[in-house]
Each structure stands twice: as C-alpha cells, then as structure tokens.
Amino acid sequence: MTDIRDGNGLAAAEKLYTQYGSRARELKASGKKVIGYLSALGPVEIMTAAGVLPIRLKGNVSEAISKGDAYMETIVCPFVRNVFDLAVKGKYDFLDGMVLPHQCDSIDRTNETWSYTLGLPYWHFLNVPHVTDDPSIAFMKEILRIFIKTLEKFTGKAITDQAIADAVKAHNNNRKLMRELYDLRKSNPPLISGSEMMKVLVAAMSIPVEESSALIEAVMKEVKERKPAAANPKAKRIMLIGDQIDDVAVIEAIESTGAYLVMDDLSTGSKMYWQDVDATADPVQGIAERYLRKLKIPTTFVGSADTYQGILEERFGHMKKYVNEFKVDGAILFIYKYCDPYGFEVPAIKSYVEAAGAPVLYLEDEYSTSSLARVKTRIEAFLEMIA
Amino acid sequence: MAEEKKGRAVATSTAAKIPKFVRGNLSATLKAKEEGKKVAAAFIADGQDEIMRAMDIVPAWGESFSGVCAAKRDAEKYLQKAESDNFSRSLCTYATCNIGFDMMREELGGATPEGAPWGGMGRPDMMLGNGQLLCDPRFKWPQATQHYQQDVPVFVTNMYYPPWDPNADHHEQEAIYVKYAADELRETVKFCEKITGKKMDWDRLAATVELSDKTWDLFIDTYELRKHIPTPMDTGDAMNTMVPLTFNLGTQEAYDFYVDLNAELRQKIADGVGVANPEKYRIIWAAGLPSWFALGDFQYFNGKGVVFPVEVTYRGCEKIERLDLPKTNDPLEHIAWRWVRYWTHWYDAAKKRPGSTPKVERIIEYIEDYKCDGAVFHSAFSCRSWHAGIMQQAATLKKVYKDIPILIMEGDIVDISSYNEADTHNRIDAFIETLAASKKRQG
C-alpha cells in the first residue's frame, strides 16, 4: 500500500499517478473486487456501498493504439479508444468488471465492443438519460436500482440504504476536501501547481474513498507548509476546460511557458468535485439528482430558462464564477476530435467565457502526445496574445 | 461551385416519385407561415412524427436537407460556414451542413441563402430534439443551432429502450422504459401546445397513430416482396423509398406511396424483371448510412450482377403483430411500446445464440430470409451514431453465424472530401472476387 502520511502526500500522489491502478491491483490480491468505470457519470457511492473498489479508467497519452483498432472504429472518441486499447492489452487485468455509464455515442455505441472483447465477469451499461426533467429523475432512480440489483447479485451481498447513505457521506467529504485543495490555487502564485494538482486528481480516482480523502488531506497539509513564492506579475492565470484530461502533458505545456494553471472545468477535476449528493430519505434520490441535474456535462440537455442568455447561465454559469473566484486571465478549451457533445458547444462556451472576461483558445486534438509540439506552439501564441 | 453529378437512375418507377416528396417537405416549411402553421426543426425516428402531424406542425427535417445538399454535391459552402465558427469537421456533417445553412440565413435576416439546394428550408418556430441510445447530435444540434437562432425555443425529449445485456431479463425492464418514453412524449405535447397555442386533438392523434401502424405493416409487406429471385428492387432504390416512412409517417400520402410500390413490385415479379440481369450475388446492406453523393455506387454493384435485396438502414419499422404490443387506449403509450419493442424484439433470438447480439440476429434473419451471399457495411467518419460498433457486428456475424464475405466501406454521409470513386470501385471489385470465390467453395 502506498504510504500516505504528513509530508509525503505529493510523493504518494506521484506514485499512484505514475503507477496507475497499483492500489487496485493490491486490493484485488487481498480479495477485494475491483470495478472499472468510465466518465464522471460513474455512481461511485453505489459501488463503494457495494464493498467493491471503483476505479475510474484512464488511458495513456504516450502510448500508441496498437491493438484496440482491430475491434473499435477510429471514428470513436480518441480517449475511449485509448482506454479500450490499454484494456485489450491487459493493463487493467485486475478488473472484475466494468460499468459503462451512458455519457455519449462513443460509449453507448461501443458497449458491445467492450463487453464482448474484454469478457469480464461483471458488466453493466448504466443508461443515464440525456434530459433532466422530472420523468428523467424518476427513470434515473429506476436504472440506479437496476444497477444496485446487478451489483448485489455479483457480490452476493445486499446493498442497504444505510450503506449507501454512509458512502454518500464519505464521497461528499472527499469532494469537500478536494474543493479545499482547489482553494489553495486562488493565491498568486497558486500554492499547488497545475501538474501537481492533476497528479492528485488522477491518484484520487484510483483508490478507496477513505484513502483518497487521506491523500488529499496529506497533500493539503504539505502544500500549506510551503514558503510563499514571489508571484511573477507577467504570469497569466489559466483555466483548462474539457472532459477527461488525465495526464500532465498538456498542463506542463501550459506551465512550461511560465503561466499558472489555476482552475479547470474538467470531468476529472472540478466537474467531479463541485457538487455533492444531497442526503435524502431515499438515498437513491439524491444520487439521481446529483448525477443528472448537478453535474455540468454537455450530454445532459439543460435549457429551461426563458431566454437564451438564461440558458447559457444554466449551462456555463459556473465557469463565470471560476473566472472571477480564481482570477482567470485566459481559458483553454481542449476538446478531443470526434466528440459531438463538446464539439457542438464550442461556439457557445467560447463566446460565454470570453464575455465573462477570459479570452479562450480552442484546441481540437487527439488523446495523444504525438501532436504536443503543435499544441504547445498554439498555447505559447495564445499566451503572447493575452499578455 | 457545386460539382454536378448525374443522379442514380432508380429501378422502380415508384421511387421516381421521391424527389416530389422531398421537395414537398422542404417547400412546406417555406409556405408554413402564409398558411398559419408552425414549423419544427425535427429528427427522423424520434417518435414525435404523429404528434407533429396531429397538430399541423410542419416538420423541417435537417437530415433530409443535408442529404439533399450532399446528393447535389453542394454541401461544402455550408460545412465551411460552420467550420468558420469552430464547428469541427469531425462532427456530424448532417448537423454542421445544416448549421452552416442556418448561420447564413440568419445573416440574411431570415431570407433563404441564394442557390440553396431545392429552395432551402424555412426558419423554424421551435426545435424538437431527442436524447436516445443512438445519436448525440439529436440533442446537441438544436442546442448548437440556438446559438444563432436565439429566439427559437428548443425542447428535447428522451426515449430509450433497455440496453442489450445477455445476462439481464429485458422483459422485466420494458415497462420502466415505456413509462419513461410515454411521460416524455406527454411533455413534448405540452411544449407543442404552448408554442402552437392549440390543444392536442387526441382522437386525431389516435387516428394518425393507427395510420402509422398500417404504414409500418404495408412497408414490411412491400419490402418482403424483394425476397423474390431476382429481386425487383434493391437498396439503391430503398435509400429513396424510405422517404415516406421516414419523413412523412402518419400521412395518407406515405401510405399510398407504399400501395403503389407494392403493386409495382408485384408486377415486376410477375414479369420476371429484376434489378440485375443476370443476378449473380445477393448482398445485405447490413449497417450504415449511405454516401448521399455516391448513390451511383449501387448501380456499379448492379452492373456487376450484385444486388441488395435487403438493408438494415432505414428499415425503421416492423410488422406490428410481431411486436406483440400490449393493448392501450393511450396513443402516446402505444408509440412508446412500439418504440421499445422495435428494438427489443430481437433480444430473445440473440439470447438463444451464445455470443450473438440483437443487431447481429437481425442481420442473420435477413440473410436467411433474403438468401444473401455476403454483407456490406458502410462506415461514415463523421457519424458515430450508426457507425461505431460496425466492426463488432461484422466480427460477431462471422463468429456466431458463418464465414460469409464482408465488405466495410469507408466514407461519409455529406462530406465528399473523404470519397474517392476509383478506390471505392476497386474495393467493390475485390469484394466481388471474394464473393465469387466463396460461392465456388460452396459449389
């Protein structure tokens, strides 16, 4: 087990980041069941309550796809393809099963490719709606209950409401701690760099929730003890927007120019940690509402306001808050190729965030470091432009 | 400037009536205002057809208009317009073509851009989307369009069906999905009532749904005539004859079209007239939307004695009796059951064949019923909805059924830049050689 204690939080995060899945492998060896999942829509509370370890799957941007393309089309999201390729190659051979939440076509339309190719003992497609109205909440509760039943059958253990409520508390606490860590990025310069933060975020999604919370606390304590550095008055404060960015490559490309990455709207970052599950009499109700209505992702249609500006506030208002609270000078919108959900939002996000006071650089790219030099050049040009 | 290309000659005279349907649908959107009707930007296979028809809402089919632009090889200007505002070329080109057109129309204050294929499409009063287990653009495209038409309200409904899981009992889940779909359709009606200022005439809706059911049945009865050897109609025509079912469901005109097509196919069979002479190989179009700018490729197949008596694409219906729908007096609940069972009625068959899937079972059923020698899939690079998962279907088909010749063609639905006619024809030639070898092996 990775040693998490005062003074070594960042080292522990580094280890969990570079040896992704190592803790899951240890726990598997000790008899715990491990369930992998994709996207911010994985209901970790229910998996924790089931007594399994949920691990969010990531790819490897430095590794070329070498086997997955024999099974999955190249028109699929490059992130999904990369993770699938790693799974085919055995990187996740410790998994007992997987949950694919219905986030987008690239996941929905490849469900059978995943399940039939990997042949894991447990498989579940969680059919999350794209709409957030009242009938959708009722439906979301139904499909969460179906999910609970399949997990009970797989583990042979009932998942009680009390266990779910306890898991909700544990994950809410985890989110609260992560938000506190984010607060340390508000100073100038931030107390924790963007690449350090990314390593913590990635490490945190690969270990049990209690260990994740201990890790964040250890990192927080360590970072707070740092001597304040002098701020570089010319350094721009940047926010990164996108879905699953789970590697430091792009962040190092930003920070190597002298800029500070101070905030994100990523599905591995603030999207995961900004919204808690409400404690409800039926704990499934709070979970349904959190994942369907509170999570700010483009695959849930939001648009109940009477005016277009009102609709934009519903969809992107949180980004305006980030720009103000984290004193963001510019934003980088980093979208993977073949991503319809994010791709169709680009003009709206760009104009909204720019109206909030932060110029936006839009980059469409692969989930790969092969094009990093070009990306870095564009980032440098952007930072020069907003200097 | 558009690169003009001679259109594909249709094999049936009934199919020659299709341009009139398509033009009629487009011009209806332009005439709606003077007729006091509301226009809704809408999507095919969304379960909302009958609601619109029963409320005199004129559907503006974006997919149809983009398909027309592609067939006329005149989509590039719209794709470039969308790209100029950062819509990537890797996004759905039905959507980006349409959004580019909409952007131009807004810049002209609502006037139709000059040179719009077949007169263009009218500005909608509302946009109806749908979240499905199918297609993200069906809810992101209206949202994206609203950026340019900010006064046009968007309503997105959600209609799912139980996902395929060989270890789950989908029968236990169907009622949950039907309730959800019916509830969502009720929300659609409320929205349409608000925009049109009219109340739904539920008797009219019930009659419209009944007419749709009759059209579904007649469509299948008609298409099953293609089982005949030689087949009297192939997929090249079906990419046209799908229009009334797909874009005019719930109208008498759609039903009457299939009456005519049915009669013509029967006559062709009686006269011994087939699509190819001689008919050497029978192929299933197993999945994928076609390249609308290259429908002539079907004639290339036909010229080599290859016919497509059946296709999965756009066969968006089934014999109602086969779906075993529970009785209900609620037309919306009926639509919901019809929708869910349309997808799940292949599940039991898939369970009986280890390693199979419903999509593959459907292909196997058609291969057997229509006596096919091979399968062609088309993978369009800008559309994940219909085209991601094709490799899995092809591999599973070979694994659980038999080692039949399979061709996966690559291209796009709208963007011609991905298409190379010579390469495509070379691949078709190689596939036909495989078919010949396979048939020889079978004796």
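Naming convention: chains lettered A, B, ... in sequence-line order (proteins, then strands); numbering from 1 in each chain. All values below come from the heavy atoms of this structure, side chains included, with hydrogens, waters and symmetry mates left out.
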Of all of Cys339(A), Pro129(A), Gly343(A), which one pairs up most often with chain B through heavy atoms under 4.5 Å apart? Pro129(A)
Let's test your reading of the structure: which of Gly129(B), Ala394(B), Gly355(B) forms the most heavy-atom pairs below 4.5 Å with chain A? Gly355(B)
Of the backbone (N, CA, C, O) and the side chain (C-beta and beyond), which part of Ala70(A) lies under 4.5 Å from a heavy atom of chain B, both, or neither? backbone
Which bit of Tyr160(B) comes within less than 4.5 Å of chain A, counting heavy atoms only: side chain, backbone, both or neither? side chain
Are Arg374(A) and Asp365(A) ion-paired here, with the side-chain N under 4.0 Å from a carboxylate O? yes
Cationic N near anionic O, under 4.0 Å, Lys179(B) to Asp183(B): yes
Given Cys77(A), Ser106(A), Cys104(A), Ser115(A), the one with more heavy-atom pairs under 4.5 angstrom with chain B than any other is Cys104(A)
Please classify the contact between Ile146(A) and chain B as side chain, backbone, both or neither, with a heavy-atom cut-off of under 4.5 Å. side chain
Chain A contact via Asp165(B) - which portion, at a heavy-atom distance below 4.5 Å: side chain
Given the options Ser356(B), Pro142(B), Ala82(B), which has more heavy-atom pairs under 4.5 Å with chain A than any of the others? Ser356(B)
May I ask you to test the Thr157(B)-Asp46(B) pair for a side-chain heavy-atom distance under 4.5 Å? no
If I measure from the heavy atoms of chain A, does Phe155(B) come under 4.5 Å with its side chain, its backbone, both, or neither? neither
Options Ala388(B), Ala395(B), Ala144(B), ranked by heavy-atom pairs under 4.5 Å with chain A, top entry: Ala388(B)
Below 4.5 Å from any heavy atom of chain B, which atoms of Asn111(A) appear? Answer side chain, backbone, both or neither. side chain
For chain B, which of Ser304(A), Pro347(A), Ala348(A) has the most heavy-atom pairs under 4.5 Å? Pro347(A)
Is Asp330(B) salt-bridged to Arg186(B), going by a charged N under 4.0 Å from an acidic O? yes
Quick one: which of Ala138(A), Gly303(A), Pro298(A) has the most heavy-atom pairs under 4.5 Å with chain B, could you say? Pro298(A)
Among Lys153(A), Met72(A), His102(A), which has the most heavy-atom pairs under 4.5 Å with chain B? His102(A)
Under 4.5 Å heavy-atom distance to chain B, tell me which part of Glu345(A) shows up: side chain, backbone, both or neither. side chain
Under a 4.5 Å heavy-atom cut-off, does chain B meet the side chain of Asp133(A), its backbone, both or neither? side chain
Is chain B contacted by the side chain of Ser351(A), its backbone, both, or neither, given a heavy-atom distance below 4.5 Å? side chain
Looking only at the side chains, is there a donor atom on one of Tyr122(A) and Thr155(A) sitting less than 3.5 Å from an acceptor on the other? no
Does a side-chain N-to-carboxylate-O contact under 4.0 Å join Asp423(B) and Arg427(B)? no
Using non-hydrogen atoms and a 4.5 Å limit, figure out which bit of Val346(A) sits close to chain B: side chain, backbone, both or neither. side chain
Bottom line for Asp340(A): the part with an atom under 4.5 Å from chain B's heavy atoms is both
I'd like to know if Arg81(A) and Glu73(A) make a salt bridge, using a cut-off of under 4.0 Å between side-chain N and carboxylate O. no
I'd like to verify something: which residue of Val131(A), Leu312(A), Val76(A), Thr110(A) has the highest number of heavy-atom pairs under 4.5 Å with chain B? Val131(A)
Are Arg123(B) and Asp151(B) close enough for a salt bridge, meaning some N to O gap below 4.0 Å? yes
Going by the angle between their ring planes, with limits at 30° and 60°, are Trp343(B) and Trp339(B) parallel, tilted or perpendicular? perpendicular
Winner by heavy-atom pair count (cut-off under 4.5 Å) against chain A, out of Asp85(B), Leu134(B), Asn167(B): Leu134(B)
For Thr117(A) and Trp114(A), indicate whether the former's side chain and the latter's backbone hold a donor-acceptor pair under 3.5 Å. no
Taking atom types as modelled, is there a side-chain donor on His130(A) or Thr300(A) under 3.5 Å from an acceptor on the other? no
Chain A shares the most heavy-atom pairs under 4.5 Å, among Asn158(B), Ile408(B), Ile176(B), with Asn158(B)
Could you have a look at His147(B), Glu187(B), Gln150(B), Gln173(B) and say which one has the most heavy-atom pairs with chain A under 4.5 angstrom? His147(B)
Chain B heavy atoms under 4.5 Å from Val128(A): which part of the residue, side chain, backbone, both or neither? backbone
Would you mind checking which part of Phe191(B) comes under 4.5 Å of any heavy atom in chain A, side chain (CB onward), backbone (N, CA, C, O), both or neither? neither
Any donor-acceptor N/O pair, Glu354(A) side chain to Val360(A) backbone, under 3.5 Å: yes
The interface call for Ile143(A) against chain B, heavy-atom contacts under 4.5 Å, is side chain
Starting from the C-alpha separation in whole Å, work towards a yes-or-no answer on side chain to side chain contact (heavy atoms under 4.5 Å, CB included) for Leu289(B) and Trp386(B). CA-CA 7 Å; Leu289(B) 303 174; Trp386(B) 293 106; 3.6 Å; yes
Over-ring placement of Lys81(B) relative to Phe101(B), 6.0 Å and 45° cut-offs: no
Inspect the contact between Glu361(B) and Arg353(B) and indicate whether a charged nitrogen and a carboxylate oxygen are less than 4.0 angstrom apart. yes
Is chain B contacted by the side chain of Ser136(A), its backbone, both, or neither, given a heavy-atom distance below 4.5 Å? both
Less than 4.5 Å to any heavy atom of chain B: does that hold for the side chain of Tyr362(A), its backbone, both, or neither? side chain
Under 4.0 Å between a side-chain nitrogen and a carboxylate oxygen: does that hold for Asp348(B) and Lys351(B)? no
